[in-house]
Amino acid sequence: MSNTILDVTYEGGMKVAATIRNFTVHTDQKEKQGGEDSAPTPFELFFAALATCAGVYAKRFCDKKNISVDGIAISMECEFDPDPKKYRAQKITTSITVPADFPENFETALIRTVEGCAVKKQILEPPVFEVRIQR
């Protein structure tokens with residue numbers, strides 16, 4: 001796999017965007033944090049990445065088993081540390097709602113598949129972080 005490069009640009013106020021491949025992801029801060037609340041915060045996009053990754057893995061599982069995703073819904077609940085200075089999630093629960101006709105014998109396999117999400121693996125096995133100045 002090749003290296004991925006994201007470029008960050010400033011769009012006024014607290015709006016910050018990241019370009020990856022040919023896509024731009026826009027962020028902003030909530031009003032109480034000095035932003036206009038015009039886009040998700042970077043922190044919210046982190047959780048969106050986890051949730052949508054779970055959705056992709058569930059979709060692939062269903063496609064492989066020839067199961068329709070109609071009626072399947074995924075939600076994620078984030079429980080935060082009560083200390084506001086820490087601003088971190090203590091527990092993240094992913095719930096998969098399946099229709100009544102979803103094959104019961106595939107439920108455990110679906111859970112295991114969703115648990116394999118690549119974004120989640122980045123948290124469980126974090127990369128080395130480096131910040132540097134360039135001129």
Side-chain angles (χ1 to χ4, degrees):
M1 181 178 257
S2 65
N3 291 344
T4 300
I5 298 174
L6 288 89
D7 291 310
V8 172
T9 56
Y10 298 98
E11 301 182 319
M14 293 301 293
K15 297 175 188 168
V16 178
T19 301
I20 181 168
R21 295 189 296 130
N22 294 320
F23 302 97
T24 301
V25 178
H26 300 275
T27 70
D28 196 2
Q29 294 295 306
K30 297 175 184 175
E31 288 182 9
K32 67 181 180 181
Q33 296 167 325
E36 297 175 20
D37 203 16
S38 65
T41 68
F43 199 57
E44 291 168 333
L45 286 179
F46 167 75
F47 293 109
L50 282 168
T52 55
C53 185
V56 167
Y57 276 66
K59 172 75 167 102
R60 286 185 182 153
F61 176 87
C62 290
D63 287 352
K64 186 176 178 183
K65 302 294 185 187
N66 293 318
I67 299 170
S68 171
V69 293
D70 291 344
I72 295 178
I74 295 178
S75 64
M76 183 174 283
E77 181 178 358
C78 306
E79 297 175 34
F80 289 90
D81 191 308
D83 181 350
K85 293 178 185 174
K86 291 186 179 177
Y87 201 63
R88 64 174 293 279
Q90 285 187 314
K91 182 178 180 183
I92 300 170
T93 304
T94 303
S95 298
I96 307 167
T97 302
V98 296
D101 63 346
F102 186 87
E104 203 171 311
N105 59 315
F106 286 148
E107 289 180 4
T108 300
L110 175 60
I111 289 170
R112 273 197 228 117
T113 299
V114 168
E115 286 177 336
C117 161
V119 176
K120 178 182 165 188
K121 286 181 180 179
Q122 286 294 302
I123 300 167
L124 299 176
E125 299 173 25
V128 173
F129 288 88
E130 176 183 346
V131 178
R132 62 183 178 209
I133 302 282
Q134 291 184 190
R135 293 193 190 266

Taking D37 for its side chain and E31 for its backbone only, find out whether a donor-acceptor pair lies under 3.5 Å. no
Should V119 and I20 be counted in the same cluster of Ile, Leu, Val, Met, Phe, Trp and Tyr side chains packed under 4.5 Å apart? no
K15 versus Y10: any side-chain heavy-atom pair under 4.5 Å? no
Look only at the side chain of E125 and the backbone of Q122, and say whether a donor-acceptor pair between them is shorter than 3.5 Å. no
For the atom pair CG (L50) and CG (L45), what is the distance rounded to the nearest 0.5 Å? 11.5 Å
Report yes or no: do D7 and T19 form a side-chain donor-acceptor pair below 3.5 Å? no
Could you check whether any side-chain heavy atom of E44 comes within less than 4.5 Å of a side-chain heavy atom of K30, counting everything from C-beta outward? yes
Can you name the nearest heavy-atom pair linking F102 to C62, along with the distance? CE1-SG, 4.3 Å
With a 4.5 Å cut-off on side-chain heavy atoms, are T52 and I74 touching? no
Is it true that atom CD of E79 has more than 12 heavy atoms of other residues, nucleotides or ligands lying nearer than 6.0 Å? yes
For F80 together with F47, are the ring centres under 6.0 Å from each other? yes
Are there over 12 heavy-atom neighbours, none belonging to I5, within less than 6.0 Å of that residue's CD1? no
Can you list the steps and then say if I92 with M76 is a side chain to side chain contact (heavy atoms under 4.5 Å, CB included)? CA-CA 7 Å; I92 300 170; M76 183 174 283; 3.5 Å; yes
Quick one, M14 and Q33 - any side-chain contact, counting heavy atoms below 4.5 Å? no
Just so I know, are the side chains of P42 and Q29 near enough to count as touching, which here means a heavy-atom distance under 4.5 Å? yes
Distance from L124 atom CG to E115 atom CD, nearest 0.5 Å? 10.0 Å
Does T108 reach the side chain of L110, with side-chain heavy atoms less than 4.5 Å apart? no
For the residue pair D70 and P99, establish whether any side-chain heavy-atom pair is separated by less than 4.5 Å. no
Could you check whether any side-chain N or O of T27 sits under 3.5 Å from a backbone N or O of V16, counting only pairs where one atom can act as donor and the other as acceptor? yes
When rounded to the nearest 0.5 angstrom, what distance separates CD in Q90 from CG in D81? 4.5 Å
